[in-house]
Amino acid sequence: MTEPVNVLVAVAWPYASGARHIGHLAGAYLPADIFARQQRLLGNRVLMVSGSDVHGTPITVRAEAEGVDPQDIVDRYHGEILRHWEQLGISWDLYTTTGTENHAKVTQEMFLAQFENGHIDKRVSEQFFDPEVQRFLPDRYVEGECPYCGYAEARGDQCDNCGKTLDPIDLINPRSKLSGAIPEPRETEHFYFRYSDFNQQIRNYLDTKSHWRPHVLNFAKGWLEDEGLQDRAITRDIEWGIDLPVDDLGPGKKIYVWYDAVIGYLSASKEWAASETNPAGDPESWREWWENPAARHVYFIGKDNIPFHALFWPAQLMGVGNLHLPDEIPANQYVTFKGGKASASRGVGLTIADALDMFQPDALRFALAAALPEQADTEVSDEEIGRRINEELVATWGNLVNRVLSMVNKNCDAQIPDTPGSDPEDSDLLAAVDAAFVEAADQFHASELRAALRTAMKTAQATNGYLNATEPWRLQKTDPNRASEVLHTALSAINGVRVLFAPFLPWSSATLDEILGVPSGWKREPLVPGRPIGKPTPLFTKVDLETSDVEV
RNA sequence: GGCGACGUAGCUCAGUUGGUAAGAGUGCUCGACUCAUAAUCGAGAGGUCGUGGGUUCGAGUCCCACCGUCGCUACCA
């Protein structure tokens, strides 16, 4: 085995502002977890972090709409998100929030380092101010008539009718979304991160990523070619956010979520290192991931997040220096429902809570993993999920385990037989399983998780085929010795196949661990003869598509 | 409006740098088997690769136009 690698599995930070849907799950959290689990089995040192983003406009909007404090919104949804991770078996090393003291501290340290390095400066701009509620208004809080198409409900950032990008100053008859008052332009001073300092460096960086998915690379490079990176304000006139580490702007200014959310990857790593769950017990051990050129950083995000992870975050890291840049950004496309992007707020597609009500966690994971939108938007539906579960997971893998364990239970005194077979068909099957480990490992390395799942399925089908060819139920009557050999071989194959499935199916894998023993790595291990297997119960149950409220 | 992606068997999708008669899973048909969650295994049928041009000895794979779907457009992240 090769030297263990320090792998950072960095996963997009969900807003703690509402229900998450299975598009989010399939886009980032599930593939990240599958990848992390496989990397651990491979022997790599995995640090998988993320957390809830507690800042940002959606949260303040929701809090205002409900008349509560933003923290109330955060507490409610962060708790719900945590429960879902637990039910789904998402194996975080740390899932935190951007609301911690640690995150504020790390953000401020980064700010200061970049400030020292000359990449942050102060600028004055004009923004709309609502005289009634005495607040500066974000672009989308200004509404008015679109100067291009005359649409009356255009927002300050964009017109929903004609799709044009707007500057709120250009709106005809602008009004505040908060109070309806007529906003007035006022000068305000903010800190800007000089992203433009890094145009060339980012370009060079992207040139080393020619293996990235085309849609990721095209998007990032296109951005650079069109206008290049532009300096952006990283503070706002708001109350909900992280304090500035310098106080010369006056009161009422906070660091804006765009800048601080991505810093969560680093701050969470530091929080983990200082926590009890760090086996090394060394608060400085985050450096083994962040200041180690041999480490591998893999970011799991949806495609809407590409500019932040392929452009802005690397630039911010460069602005500090000596911190590891993203190595892989296998951004997924969207899961679509009847042609449209999933959206919990618009009621398109299943929320995670809905899906967990309808399906076993492993079954849901399987169905989504088989349909990960790795290359293109992928259409899923309740029926499709149920079909995948019944026709593929239960029929091929669940049934295989059940049929073999049942025969062993009946014919081998309910314990693992010590009767390895040596016929060519025996060794062929086991060789095929062993080869699948190599094939699937390559697929994991290339972030082709769907293909890796297919590889696992292929070995299950091969094992089913082996049984149909050898017919141990018939041998049991004519040649019991050979029957035991066949069952031993089939069980050996399953002992490998279940490891191939383990990253995808943590819950049922744990059940098999109890029966066959805990696997020590990414390989097929010898059986433990004499180990009692008990009376088998099916790993999965079929979904009743008739009675579920499935629209056909 | 601009940019980008996609449009391949009924369904969900693969198809490396253009090149031996277009693939997988599922569904469907037929056969085998009956240990197993009416599960499994084998065989077969099924596609003018959105439309129309072009480049090439040769294009699903490159170029142009068009049609259709979707996404992004930097104060949502």
Side-chain angles (χ1 to χ4, degrees), chain A residues 12-15 17 53 55-59 61 127 136-142 148-149 156-159 162-165 167-168 190 195 214-215 218-219 222-223 225-227 229-230 232-234 236 238 256-258 261-262 301-309 311-312 333-334 336 339-341 370-381 383-384 387-388 390-392 394-396 398-411 448 450-451 454 457-458 460-469 471-476 483 487 490 536-542:
Chain A
W13 292 57
Y15 270 140
S17 67
D53 186 344
H55 300 127
T57 311
I59 289 169
V61 168
Q127 296 227 329
F136 279 97
L137 296 168
D139 285 1
R140 13 177 76 206
Y141 277 46
V142 183
Y148 298 99
C149 72
D157 57 340
Q158 183 178 29
C159 173
C162 68
K164 278 201 175 15
T165 308
D167 191 315
H190 283 291
Y195 288 98
H215 76 272
N218 285 348
F219 194 86
W223 193 296
E225 280 164 25
D226 287 350
E227 302 176 53
L229 290 172
Q230 298 190 358
R232 310 173 70 191
I234 57 172
R236 290 288 187 283
I238 50 177
Y256 193 56
V257 63
W258 265 13
V262 284
I301 60 169
K303 66 175 165 185
D304 52 336
N305 250 325
I306 291 170
F308 289 84
H309 292 79
L311 301 170
F312 302 154
Q333 312 243 18
Y334 291 135
T336 59
K341 176 189 173 186
L372 291 179
E374 292 174 340
Q375 328 258 358
D377 292 354
T378 299
E379 177 76 14
V380 304
S381 61
E383 310 90 80
E384 179 70 2
R387 204 224 83 219
R388 280 224 141 90
N390 290 351
E391 307 296 339
E392 298 180 19
V394 178
T396 303
N399 181 58
L400 170 64
V401 171
N402 195 235
R403 75 192 290 210
V404 171
L405 289 181
S406 293
M407 281 190 276
V408 171
N409 181 57
K410 207 180 301 176
N411 303 328
E448 294 170 358
R450 228 168 41 167
R454 193 99 282 295
M457 282 298 278
K458 225 170 50 183
Q461 287 169 327
T463 309
N464 273 320
Y466 167 85
L467 289 171
N468 282 44
E471 301 186 309
W473 52 91
R474 179 169 295 179
L475 289 169
Q476 191 61 35
L487 289 181
T537 50
L539 290 177
F540 317 101
T541 50
K542 283 200 172 187

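Computed from a predicted structure; not experimentally measured. Here is how names work: the chains are called A, B, and so on, in the same order as the sequence lines, proteins then strands, and each is numbered from 1. Only this structure's heavy atoms are used, side chains among them; waters, hydrogens and symmetry mates stay out.
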How far does the C1' atom of B:G2 sit from the matching atom of B:C62, given to the nearest Å? 24 Å
Any A:R388 side-chain N or O less than 4.0 Å from OP1/OP2 of B:C11: no
When the C1' atoms of B:G53 and B:C70 are considered, how many whole Å apart are they? 26 Å
The criterion is salt bridge (charged side-chain N to carboxylate O under 4.0 Å, His left out); which residues satisfy it with A:E374, sequence neighbours excluded? none
Under 4.0 angstrom, heavy atoms only, what part of the nucleic acid is A:A371 near: base, sugar-phosphate, or nothing? nothing
If you take atom types as modelled and just measure distance, does the side chain of A:W473 reach the base of B:A36 with a donor-acceptor pair under 3.5 Å? no
Contact class for A:P538 vs. all strands (heavy atom < 4.0 Å): base, sugar-phosphate, or nothing? base
Any side-chain to backbone donor/acceptor pair from A:N402 onto A:G398? Under 3.5 Å, distance only. no
Under 4.0 Å, counting only non-hydrogen atoms across every strand here, what does A:D304 touch: a base, just sugar-phosphate, or nothing? base
Under 4.0 Å, counting only non-hydrogen atoms across every strand here, what does A:T378 touch: a base, just sugar-phosphate, or nothing? sugar-phosphate
Heavy atoms only, 4.0 Å cut-off, all strands: where does A:V401 land among base, sugar-phosphate and nothing? nothing
Indicate the ring-plane relationship of A:Y195 and A:F312, choosing parallel, tilted or perpendicular according to the 30° and 60° boundaries. tilted
B:A77, OP1 or OP2 - any side-chain N/O from A:Y256 closer than 4.0 Å? yes
If we ignore hydrogens and angles and just use 3.5 Å, is the side chain of A:D377 paired with the main-chain N or O of A:Q333 as donor and acceptor? no
For A:A376, is there any backbone N or O sitting under 3.5 Å from a side-chain donor or acceptor partner on A:T378? yes
Verify the contact: side-chain N or O of A:R450 to OP1 or OP2 of B:A14, cut-off strictly under 4.0 Å; return yes or no. yes
Does any donor-acceptor pair link the side chain of A:N468 with the base of B:U40 at a separation under 3.5 Å? yes
Nearest-Å distance once atom C1' is located in both B:G60 and B:A9: 14 Å
B:C66 to B:G7 separation - C1' atoms, rounded to the nearest Å: 14 Å
B:C41 and B:G27: how far apart are their P atoms, nearest whole angstrom? 11 Å
Check every strand shown and say whether A:R236 touches a base, only sugar-phosphate, or nothing at a heavy-atom separation below 4.0 Å. base
Rounding to the closest angstrom, what is the interatomic distance between B:A45 and B:U37 at atom C1'? 29 Å
Canonical and wobble pairing (Watson-Crick, G-U, under 3.5 Å) of RNA chain B, dot-bracket with |: (((((((..((((.....[...)))).(((((.......))))).....(((((..]....))))))))))))....
Let's test your reading of the model: under 3.5 Å, does the base of B:A39 pair with the side chain of A:N399 as donor and acceptor? no
Using only atom types and a distance under 3.5 Å, with no angle test, would you say the side chain of A:N464 pairs donor to acceptor with the backbone of A:T396? yes
Closest-nucleotide ordering on RNA chain B, the 5'-leading residue of A:F308 and A:L539: A:L539
Should A:K410 be listed as having a side-chain N or O under 4.0 Å from OP1 or OP2 of B:A36? yes
Determine the Euclidean distance between corresponding C1' atoms of B:C49 and B:C33; express it in Å to zero decimal places. 38 Å
Please determine if a side-chain N or O atom of A:Q461 lies less than 4.0 Å away from the OP1 or OP2 oxygen of B:G25. no
Going by an N to O cut-off under 4.0 Å, is there a salt bridge joining A:E392 and A:R388? yes
Heavy atoms only, 4.0 Å cut-off, all strands: where does A:Y466 land among base, sugar-phosphate and nothing? nothing
